[in-house]
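Here the structure is laid out as structure tokens; the discussion comes afterwards.
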Amino acid sequence: MNVPSTTDKVMVVAVDGPAASGKSTVSRSAAKMLGFNYVDTGAMYRSITWKALEEGLDVEDTIAVVAMMHRIQISFELVEKRVRMLIDDMYPGNAMREPRVTEKVSAIAAIPEVRQVLVQHQRSLTRFGNLVMEGRDIGTVVFPDTPYKFYLEAKPEIRALRRKRDLEAMKIPATQEGVAESIQRRDRKDSGRSVSPLQIALGATVVENSKLTVDETAQIIVDHIRQQDQRRGSFSAGGA
Ligand code: CDP
Ligand code: CDP
């Protein structure tokens, strides 16, 4: 298995957790504190889903989706220390956050061939340098050898409230009940699938952040990494 680890002198911080647990915002903040690049792997599954819907595919039609995976061209660019995936040179932007994409993404993410392609790309992103990468299987599958693994958690009602506010900020109407139900359905699918289910990676530090701000949560991660590395006597990433 070609899995880069810290022995390649590239550090990978893996952040996993359920929907709206704070992965994206906390990882962005932690990456900034550490001076690392940030990778949102959920955005990759969302972009593939967006593309399949644009092409009018039935996301349950595995053969059609896999054929599309072979047809499209995937590339990456680094914009302000964030890695973005492009499909046929196009970045879908906020369109990937629309409910029609959110409702279908877990079906696309359960297709093994889709995961194989994306995981291979995700591992290759160490070419950009040190990374904070967030998703569902980063500590378990994508970079199982990294010593820096975190799992974010927050109460379901807090997560629903957070996501409702996000949607409203994007002018997408949402109710608390509707969002809670959608999150619950997706969590169930993501945790219950046979390939790379969402689970706490062995050795991961669980950070319950229902009562913490984004920056407080990120600081816990950064402090933990620094402590780990003091013990290992190896870490030299730039300070905040
Ligand atoms: O932001 P939110 O937590 O709502 O979702 P996301 O991180 O954008 O991920 C969208 C979906 O992609 C998840 O519900 C999973 O089905 C899938 N995903 C995955 O299977 N593996 C990952 N590493 C990241 C996301
Ligand atoms: O990526 P994921 O779906 O896990 O969550 P997110 O998009 O990072 O966070 C969802 C929302 O919760 C964002 O608007 C964050 O600003 C907010 N949040 C918060 O208020 N407090 C935290 N400790 C973590 C996230």
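Each residue takes its place number in the sequence, starting with 1.
The shortest distance between side-chain heavy atoms of Ile72 and Lys51 falls below 4.5 Å. Between Gln122 and Met44 the shortest side-chain heavy-atom distance falls below 4.5 Å. Between Arg71 and Met68 there is a side-chain heavy-atom pair separated by less than 4.5 Å. In this structure, the side chains of Arg28 and Arg82 come closer than 4.5 Å at one or more pairs of heavy atoms. Inter-residue side-chain proximity for Asp137 and Leu198 is flagged as unmet; no heavy-atom pair is nearer than 4.5 Å. For the pair Met85 and Leu118, the minimum side-chain heavy-atom distance is below 4.5 Å. For the pair Val13 and Leu131, the minimum side-chain heavy-atom distance is 4.5 Å or more. Side chains of Asn37 and Asn130 form no contact here, defined as non-hydrogen atoms less than 4.5 Å apart.
Using a 3.5 Å distance cut-off with no hydrogens or angles, the side chains of Gln184 and Ser182 do not pair a donor with an acceptor. Inspection of the Arg193 and Ser196 side chains reveals no N or O donor paired with an N or O acceptor under 3.5 Å. No hydrogens or angles considered: nothing links the side chains of Gln227 and Asp223 as a donor-acceptor pair under 3.5 Å. For the residue pair Glu134 / Ser24, a side-chain donor-acceptor distance below 3.5 Å is found, with atom types taken as modelled. With no hydrogens or angles considered, no side-chain donor-acceptor pair links Ser191 and Arg136 at under 3.5 Å.
Residue Ala174 comes nearest to Lys164 through the heavy atom pair O-CE, 3.5 Å, listed as atom of the first residue, atom of the second, then distance. Of all the heavy atoms in Arg162 and Gly22, the pair that sits closest is NH1-N, 4.0 Å. Residues Lys23 and Pro18 share a closest heavy-atom pair of NZ-O, 2.8 Å. Shortest non-hydrogen contact noted between Pro144 and Thr140 is CB-O, 3.7 Å. Here the closest heavy-atom approach between residue Arg159 and residue Ala19 is recorded as NH1-O, 2.8 Å. Residue Ile111 comes nearest to Ala107 through the heavy atom pair CG1-O, 3.6 Å, listed as atom of the first residue, atom of the second, then distance.
Hydrophobic clustering (ILVMFWY, side-chain heavy atoms < 4.5 Å, transitive): Tyr38 and Phe150 are in distinct clusters. Residues Met96 and Leu53 fall into different hydrophobic clusters, defined by Ile, Leu, Val, Met, Phe, Trp and Tyr side chains chained together at heavy-atom separations under 4.5 Å. Linking Ile, Leu, Val, Met, Phe, Trp and Tyr whenever their side-chain heavy atoms come within less than 4.5 Å puts Val105 and Ile87 in one cluster. Cluster annotation: Tyr45 is connected to Ile138 through the hydrophobic network of ILVMFWY side chains, with a link wherever side-chain heavy atoms come within less than 4.5 Å. Criterion: ILVMFWY side-chain heavy atoms under 4.5 Å apart, direct or through other members. Under it, Ile108 and Val117 are part of a common hydrophobic cluster.
With Leu212 as reference, Asn209 is the one residue of Asp215, Asn209, Val214 to meet the side chain to side chain contact (heavy atoms under 4.5 Å, CB included) rule. Screening Arg185, Arg97, Arg186 for a salt bridge (Lys or Arg N to Asp or Glu O under 4.0 Å) involving Glu103 leaves a single residue, Arg185. Applying side chain to side chain contact (heavy atoms under 4.5 Å, CB included) to Val142 and the options Arg115, Gln120, Met133 leaves one that passes, Met133.
Within the model, atoms OG1 of Thr62 and CG of Leu57 stand 11.0 Å from one another, a figure rounded to the nearest 0.5 Å. Distance CG/Asp40 to OG/Ser27: 8.5 Å, rounded to 0.5 Å. With rounding to the nearest 0.5 angstrom, the OG1 atom of Thr146 is 7.0 Å from the CE atom of Met11. Remark: Glu60 CD to Ile63 CD1 distance equals 13.5 Å, nearest 0.5 Å. Taking CG from Leu161 and CZ from Arg163, the interatomic distance works out to 11.5 Å, rounded to the nearest 0.5 Å. Rounded to the nearest 0.5 Å, atoms OG1 (Thr41) and CZ (Arg46) are 11.0 Å apart.
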Evaluate the side-chain contact (heavy atoms from CB on, under 4.5 Å) criterion for residues Ile74 and Ile48: first the C-alpha distance (whole Å), next the side-chain angles of each, then the deciding distance (0.1 Å), finally the verdict.
-> CA-CA 10 Å; Ile74 291 178; Ile48 297 294; 4.2 Å; yes
For side-chain contact (heavy atoms from CB on, under 4.5 Å), just list the numbers for Met69 and Glu113, CA-CA rounded to whole Å, side-chain angles, deciding distance to a tenth of an Å, and then say yes or no.
-> CA-CA 8 Å; Met69 289 303 284; Glu113 291 88 345; over 6 Å; no
Does the side-chain contact (heavy atoms from CB on, under 4.5 Å) test come out yes or no for Tyr91 and Val79, once each step is laid out?
-> CA-CA 12 Å; Tyr91 179 65; Val79 180; over 6 Å; no
Evaluate the criterion side-chain contact (heavy atoms from CB on, under 4.5 Å) for residue pair Ile221 and Ile225; output intermediate values, then yes/no.
-> CA-CA 6 Å; Ile221 289 179; Ile225 292 171; 3.9 Å; yes
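In Glu54, the CD atom is crowded: over 12 heavy atoms of neighbouring residues, nucleotides or ligands sit closer than 6.0 Å. The environment of Lys149 atom NZ is dense: over 12 non-hydrogen atoms of other residues, nucleotides or ligands sit within 6.0 angstrom.
Asp229 has no carboxylate O lying under 4.0 Å from a charged side-chain N of Arg226, or vice versa, which leaves the two without a salt bridge. Salt bridge Glu98/Lys104: absent, no basic N to carboxylate O contact under 4.0 Å.
Side-chain atoms of Gln228 come within 3.5 Å of backbone atoms of Pro147 as a donor-acceptor pair (strictly under, hydrogens ignored). With hydrogens and angles disregarded, no donor-acceptor distance shorter than 3.5 Å links the side chain of Asp88 to the backbone of Met90. Side-chain atoms of Thr175 come within 3.5 Å of backbone N or O of Gly178 as a donor-acceptor pair. Side chain of Glu208 to backbone of Ser210: a donor-acceptor contact under 3.5 angstrom is found. In this structure, Ser29 contributes its side chain and Ala218 its backbone to no donor-acceptor pair below 3.5 Å.
Between Phe76 and His121, the angle of the ring planes lies from 30° to 60°, which puts this pair in the tilted group.
Under the 6.0 Å cut-off for aromatic ring centres, His224 and Tyr148 do not qualify, their centroids lying 6.0 Å or more apart.
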